[in-house]
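Take a look at the structure set out below.
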Amino acid sequence: MNREPYHPQAIEEKWRDFWRERGFFKAKIHDARRKFYYLNMFPYPSGKLHAGHGRNYILGDAIVRFLLMRGWNVLNPMGWDAFGLPAENAALEQGIHPRDWTWTNIREFKRQFRAWGVEYDWDREIATCEPDYYKWTQWIFLKLYEKGLAYRAKGKVNWCPHCEVVLANEQVIGGRCWRCHSPVEKRELEQWYFRITAYAERLLRDLEKLDWPEHVKKMQENWIGRSEGAEIVFPTEKGPEIRVFTTRPDTLWGATFLVLAPEHPLVPELTAPEQRAAVEAYRAATDRLTEMERTAAEKEKTGVFLGTYALHPATGERIPIWIADYVLMGYGTGAIMGVPAHDERDFQFALRFGLPVIPVIDRPDGLAKSVVRPGAVRPGFLEALRAEGIEARPGPVDGEGQGLYVTLRGDAQIDRYLELAREYLQPGHWCEVVGRRWAFLFEDALLFLDSPASDRRILARCQKLKPTLGEKRTVMEMLYAQEFYRDVLFHAAYGTMIHSGPLSGTPGEEAFRRVTAWLEERGLGKFAVTYKLRDWLISRQRYWGAPIPMIHCPRCGIVPVPEKDLPVLLPAVDRIGKLGLADIPEFIPTVCPRCAGPARRDTDTMDTFVDSSWYFLRFLSPKDDARPFDPELVNRWLPVDLYVGGVEHAILHLLYARFITKFLHDLGLLAFDEPFKRLFTQGMVTYPAYWCPTHHWIPPKEVQAGNRCPKCGAELVVSVVAMSKSKKNVVSPDELIAQYGADTERLYTLFMGPPEKEIEWSEEGVRGAWRFLNRFWNLALLILERTREAREEVDPAAFGPREQAVWAKLHATIKKVTEEFEGRLALNTAVAAIMEFTHALSEYAEDPQADPRLLRRALRDLLLILSPFTPFICEELWHRLGEGRAILETPWPAYDPQALEEAEVEIPVQINGKVRARLRLPRAQAADPKALEALALAAPEVQSRLQGLRVEKVIAVPEKLVSIVAR
RNA sequence: GCGAAGGUGGCGGAAUCCGGCAGACGCGCUGGCCUUAGGAGCCAGUGCCGAUGAGGCGUGCGGGUUCGAAUCCCGCCCUUCGCACCA
């Protein structure tokens with residue numbers, strides 16, 4: 001028989017308009033019963049969509065179709081994050097206005113969404129570049145300004161030399177621009193900031209209540225970077241006080257120097273005249289470094305002594321003040337106390353510059369070491385040590401002859417060792433113990449390395465006894481030369497305080513608290529919390545963004561644009577320049593709203609992340625020209641129930657949106673203070689990208705055999721990376737749809753792997769989906785032919801075993817698919833289950849005796865549960881089935897737990913852990929452990945296996961298995 | 001270095017939450033059918049070793065708990081991602 005072949009092009013087009021015209025995707029906004037706000041991150045309209053983008057939108061569309069069939073009142077809007085640099089670059093290169101370029105792309109995106117069958121409530125479409133939207137972005141700016149949360153400040157800012165624009169900290173990834181990956185430079189500029197740091201604590205704390213992927217929450221937590229410590233005040237001989245932040249106040253007595261960030265404002269005042277030139281040179285050199293160079297992990301420590309001293313607040317000791325670029329102005333107070341014994345960086349710095357290292361925290365592991373120099377002790381010492389069970393190994397020392405390498409474990413051994421050493425020590429020598437103890441045993445004295453003064457004393461004595469130590473500047477430098485000591489010279493663990501005056505002996509777990517209290521009692525410092533998070537720099541020196549609604553008046557200073565004058569419109573110009581609004585002379589002059597005198601407009605535009613930090617509120621009332629959003633609707637519909645987008649926004653957009661939401665909540669405009677209740681991050685789609693050294697990126701289709709460049713024949717470098725236009729490794733949905741239809745692309749996209757994981761696109765995989773849909777189509781047509789007459793409902797009571805099995809599998813499949821949509825969204829496994837059932841149904845349908853009512857019912861339910869994945873083919877077959885309503889008007893099928901129970905079950909029988917037999921049993925028997933055990937033991941395969949063995953134990957798990965232990 | 005996730009066939013991945021037949025589903029591969037032809041379609045097979053047998057071995061490695069471990073516990077190794085001189 002000749003059946004109609006599956007021809008998607010012939011059926012898909014009509015359903016696109018059908019869904020749209022029937023308004024299935026329009027939210028019933030004023031009916032908030034069973035409301036569900038589903039949101040995909042809105043895109044930046046840059047060119048065309050590729051198959052990688054599809055992952056996000058197709059997943060969303062499937063979820064929304066499911067929710068609609070489950071009876072949810074779904075709000076599923078779409079809009080455009082339409083301001084941004086690429087539009088401006090295109091404008092500069094092609095002479096098109098950014099707005100025209102943007103809208104051309106938007107039209108293209110919408111066409112592609114429609115082709116995919118991805119539908120939205122288009123009545124709510126918004127674009128951030130339109131005045132009716134950015135008016136309210138400006139309004140939010142004014143509100144922040146009113147509350148002191150938007151401010152202008154001069155400072156070192158991140159500058160991308162390629163994009164010629166400043167960047168927020170979040171937009172610098174590993175020292176490079178988030179957009180173009182150029183190394184970021186520092187520039188001193190006056191810019192606008194949002195005081196997001198005022199919300200640091202709440203942004204951190206409220207992560208707890210979010211149903212977000214753990215790793216995303218962790219990334220935000222790390223970004224906010226809360227640390228508890230103390231702020232300690234160090235007086236200086238020159239006068240000004242230096243405030244330092246430390247997370248280890250318990251190491252205070254080990255502070256042997258201070259380091260300020262080179263940019264620290266006190267530096268000029270604290271610099272001694274003779275050091276001025278060196279200090280200035282160092283500050284200038286630091287200035288020139290890019291962020292990347294400055295923070296390169298392996299870089300050797302550099303720094304300059306200011307020539308002046310601070311006074312240690314606890315000991316009164318004079319300690320030198322340095323500047324070094326490893327101290328950052330933007331964190332803490334921009335100044336640290338150098339505790340080289342217990343901070344890795346300070347340790348390196350002290351070794352490099354010969355600053356004393358004074359241990360003040362005991363080693364918790366009790367480990368100590370001692371090197372006995374040749375001739376330092378009388379013969380018999382080694383034997384004496386061994387008699388005490390002390391580990392000592394003879395070996396050459398400093399190329400001067402045989403000595404001893406001693407390892408001591410615990411205080412008892414150390415004490416005993418010191419006693420023995422005193423007994424055996426030769427005149428004119430010394431012996432030291434380092435690690436757990438810091439003792440220097442001389443003929444006439446036992447000295448401890450417990451202060452900078454002791455450091456000088458000990459070193460002087462050692463140099464006297466051993467003149468070759470002459471060039472060493474500190475005891476630590478001397479010890480560090482001894483390879484054997486390396487692992488005990490430094491540690492950063494908590495432990496009992498030593499060498500710490502009145503607080504010596506404080507145990508590690510109390511040390512932080514005790515020292516902080518001690519400082520507070522004396523007014524020397526206080527408990528403090530610091531965050532890594534910095535304020536959000538939002539000024540951009542570009543044209544294509546929302547103008548900052550501020551006016552600079554020579555008399556009144558900075559004056560906000562009155563609300564009634566919003567929006568501050570982007571000037572309509574045919575040509576834009578590189579400087580942005582500053583290039584457009586007619587934009588700048590205005591009138592001061594306060595004094596009516598001549599004034600200048602602010603020429604910066606806002607970071608596009610400001611536009612996207614509140615768009616989810618605008619969808620509720622996209623055309624409201626009286627206010628940014630309708631509080632009543634917003635409070636009824638938000639927070640967003642499910643937000644889906646890429647992980648690349650884990651910090652940037654998601655942190656900013658949380659901040660703005662909390663701010664609007666504090667203004668009393670929002671009842672909620674977190675915008676996105678549940679977040680799902682889908683993985684990127686990768687594809688091979690080919691690089692030719694001369695012709696750069698080559699589209700995969702043009703690559704010649706043997707990975708050769710089509711232009712020059714050079715061998716290409718292949719890398720599998722996220723699809724992107726710039727790397728030319730995109731797969732076009734337009735071509736896929738022309739060849740296979742939208743359903744095939746949708747099905748493959750949802751089937752290729754767990755949606756949260758990154759995955760490589762596979763042409764063969766697409767064909768697999770295509771084959772499945774062909775088989776499915778043929779099966780459906782077969783069932784349609786066979787069941788033309790069958791209109792009555794199924795009668796499970798009349799089922800034979802085969803019918804019963806099909807029926808049970810159908811219900812198991814409905815259950816599986818339903819649970820995936822409602823739970824973890826591993827839709828790849830839902831598709832697999834549907835395929836599995838389709839095979840089973842196919843097999844059953846081949847039997848001419850098959851029950852037509854069951855075939856029809858199975859097909860009907862199958863169409864419904866497959867429809868979120870492949871809506872076109874399902875809608876088509878659904879209507880051929882003679883159903884009057886559309887699929888989206890039909891309830892999602894329910895599964896019957898009773899039906900899941902098959903009449904017969906297979907029970908594996910294990911003997912000593914290996915499956916040796918399988919029994920097919922009626923459920924009633926399998927449910928009874930006694931009967932199960934008896935049946936299992938009676939089975940012939942089991943009997944023969946048990947020959948000569950004694951059954952020791954039988955475990956019968958009802959309806960699961962039988963396990964026999966036999967010896 | 002810190003933090004997180006993860007190691008299962010030739011490949012993508014199921015089963016992991018809650019221990020109970022490992023390898024669902026798809027790709028690829030092998031054989032067959034159909035076709036003038038196939039990079040189309042259909043059917044069958046496909047973890048590894050073994051001979052198509054009996055059998056044995058198998059979820060990164062080593063140990064443990066258990067009648068039974070991919071799954072739970074302890075110790076390693078490796079990979080990926082994020083952060084990284086943050087005091």
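Per chain, numbering begins at 1; letters A, B, ... match sequence-line order. Everything quoted here is computed from the prediction, not taken from an experiment.
The aromatic rings of A:F234 and A:H312 sit perpendicular to each other, their planes meeting at more than 60°, with 30° as the lower class boundary.
In the set B:C25, B:G3, B:G28, B:G28 carries the atom at the smallest distance from any side-chain atom of A:R767.
Remark: A:K532 fails to qualify as a cation-pi partner of A:Y331 under the 6.0 Å distance and 45° angle criteria applied to the six-membered ring. A cation-pi contact, defined as under 6.0 Å to the ring centre and within 45° of the axis, is absent between A:R767 and A:Y748.
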Open item on the list: Give the dot-bracket line for RNA chain B from 5' end to 3' end: parentheses for intra-strand Watson-Crick or G-U pairs under 3.5 Å, square brackets for crossings, | for inter-strand pairing, dots for unpaired.
Closed with: (((((((..(((.......[....)))((((((.......))))))(((.....)))..(((((..]....))))))))))))....
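Contact record, A:W777 with A:Y6: NE1-N, 3.3 Å, taken as the closest heavy-atom pair.
Glycosidic conformation, B:G6: anti, with the torsion outside 90° of 0.
At the heavy-atom level, A:E764 lies under 4.0 Å from the strands shown only through sugar-phosphate atoms.
Across the protein-nucleic acid pair, A:E648 atom CD and B:G82 atom P stand 11 Å apart, rounded to whole Å. The nearest whole Å value for the distance from the CG atom in A:L773 to the C1' atom in B:C27 is 16 Å. Distance CD1 (A:I907) to P (B:G20): 14 Å, rounded to an integer number of Å. Between the P atom of B:C42 and the OH atom of A:Y6 lies a distance of 14 Å, rounded to the nearest Å.
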- [ ] For each nucleotide in nucleotides 8-18 of chain B, reading 5' to 3', give B when a protein heavy atom comes within less than 4.0 Å of its base, S when such contact involves only the sugar-phosphate, and - otherwise.
- [x] ----SSSS---
